[in-house]
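Here is the structure we will look at, set down as structure tokens.
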Amino acid sequence: QVQLVESGGGLVQQGGSLRLSCAASGSIFSINAMAWYRQAPGKERELVALSISGGITNYVDSVKGRFTISRDNAKKTVFLQMDSLKPEDTAVYYCNADLLVRDSGFPRGIYWGQGTQVTVSS
């Protein structure tokens with residue numbers, strides 16, 4: 001089994017910063033990509049930041065220049081540094097991993113964390 005455990009959410013004032021962490025554990029052979037998504041009330045889940053093995057990163061336009069995704073590959077952990085936070089960043093943030101499971105045939109799987117609430121007050 002594979003688990004993703006997130007931490008670091010909370011309440012912050014506009015202009016403040018938060019750092020989210022997500023640690024993957026279990027029968028993991030390799031990780032292809034890790035990402036952060038978010039879902040605000042009444043809205044669809046959207047991709048916020050993506051980190052592909054090899055160093056490629058991508059961000060949704062609304063967070064470019066404010067958020068930074070990074071990884072500690074040895075610890076199978078992905079981070080999201082969020083600076084200059086705005087009220088519109090308020091959402092539940094979900095960690096996502098695209099990986100190969102350490103099992104017969106090394107099946108590929110997509111896994112999600114449980115979500116962590118980020119609230120930005122104005």
Side-chain angles (χ1 to χ4, degrees):
Q1 281 285 28
V2 174
Q3 285 188 321
L4 301 181
V5 178
E6 300 146 347
S7 61
L11 173 65
V12 64
Q13 289 189 333
Q14 182 175 350
S17 298
L18 282 174
R19 189 182 193 222
L20 305 182
S21 300
C22 172
S25 63
S27 299
I28 299 170
F29 176 73
S30 65
I31 299 177
N32 301 319
M34 298 188 81
W36 289 95
Y37 287 71
R38 66 185 179 187
Q39 187 166 20
K43 295 188 177 180
E44 293 188 354
R45 190 173 297 190
E46 68 169 349
L47 175 63
V48 176
L50 171 68
S51 172
I52 300 173
S53 295
I56 298 172
T57 59
N58 200 10
Y59 300 89
V60 66
D61 285 346
S62 60
V63 308
K64 286 181 180 178
R66 299 188 298 121
F67 289 12
T68 303
I69 188 170
S70 62
R71 286 166 61 178
D72 182 334
N73 293 321
K75 295 182 179 180
K76 299 184 179 64
T77 300
V78 64
F79 305 96
L80 185 66
Q81 178 66 41
M82 305 185 293
D83 299 318
S84 302
L85 282 160
K86 304 176 180 180
E88 50 264 44
D89 294 318
T90 295
V92 178
Y93 284 70
Y94 296 92
C95 175
N96 169 282
D98 176 347
L99 54 84
L100 299 182
V101 178
R102 188 180 297 275
D103 200 351
S104 177
F106 299 101
R108 182 180 180 183
I110 306 295
Y111 294 86
W112 292 89
Q114 79 283 2
T116 185
Q117 178 70 46
V118 171
T119 303
V120 184
S121 62
S122 57

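Taking Ser53 as the reference, Arg71 meet the side-chain hydrogen bond (donor to acceptor under 3.5 Å, both in side chains) condition, with sequence neighbours excluded. Not a single salt bridge (charged side-chain N to carboxylate O under 4.0 Å, His left out) links Asp103 to another residue, sequence neighbours left out.
In the hydrophobic clustering of ILVMFWY residues, with side-chain heavy atoms under 4.5 Å counting as a link, Leu18 and Phe79 come out apart. Hydrophobic clustering, with ILVMFWY side chains joined whenever heavy atoms are under 4.5 angstrom apart, keeps Val120 apart from Tyr37. Residues Leu100 and Ile28 do not share a hydrophobic cluster, clusters being chains of Ile/Leu/Val/Met/Phe/Trp/Tyr side chains in contact below 4.5 Å. A continuous path of Ile, Leu, Val, Met, Phe, Trp and Tyr side chains, each step under 4.5 Å between heavy atoms, connects Tyr59 with Met82, placing both in one hydrophobic cluster. Ile31 and Leu4 fall within a single hydrophobic cluster, where Ile, Leu, Val, Met, Phe, Trp and Tyr are joined by side-chain heavy atoms under 4.5 Å apart, directly or via other members.
A distance of 8.0 Å separates CD1 of Ile69 from CE of Met34, quoted to the nearest 0.5 Å. Rounded to the nearest 0.5 angstrom, Asn32 CG and Ile110 CD1 are separated by 8.0 Å. Atoms CG and CG, on Asn96 and Leu47 in that order, are 8.0 Å from each other to the nearest 0.5 Å. Rounded to the nearest 0.5 angstrom, Leu50 CG and Asp98 CG are separated by 9.0 Å. Distance check, rounded to the nearest 0.5 Å: OG of Ser7 to CG of Leu20 gives 8.0 Å. Between the OG atom in Ser62 and the CD atom in Glu88 there is a gap of 8.5 Å [rounded to 0.5 Å].
Nearest approach of Pro87 to Ser122, heavy atoms of both residues: CG-CB, 3.8 Å. For Gly9 against Val118, the heavy-atom pair with the smallest separation is CA-CG2, 4.2 Å. Taking all atoms of both residues into account, the shortest heavy-atom contact from Val92 to Gly115 is CG1-CA, 3.8 Å.
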I would like to know whether Trp36 and Cys22 meet side chain to side chain contact (heavy atoms under 4.5 Å, CB included); could you show each step before the answer?
CA-CA 9 Å; Trp36 289 95; Cys22 172; 3.7 Å; yes
Lys64 vs Asp61, test: salt bridge (charged side-chain N to carboxylate O under 4.0 Å, His left out). Steps then yes/no.
CA-CA 5 Å; Lys64 286 181 180 178; Asp61 285 346; 3.0 Å; yes
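Within 6.0 Å of CD on Glu46 lie more than 12 heavy atoms contributed by other residues, nucleotides or ligands.
The aromatic rings of Tyr93 and Phe67 are tilted relative to each other, their planes meeting at an angle between 30° and 60°.
Using a distance-only test at 3.5 Å, with no hydrogens or angles considered, no donor-acceptor pair links the side chain of Gln81 to the main chain of Arg19.
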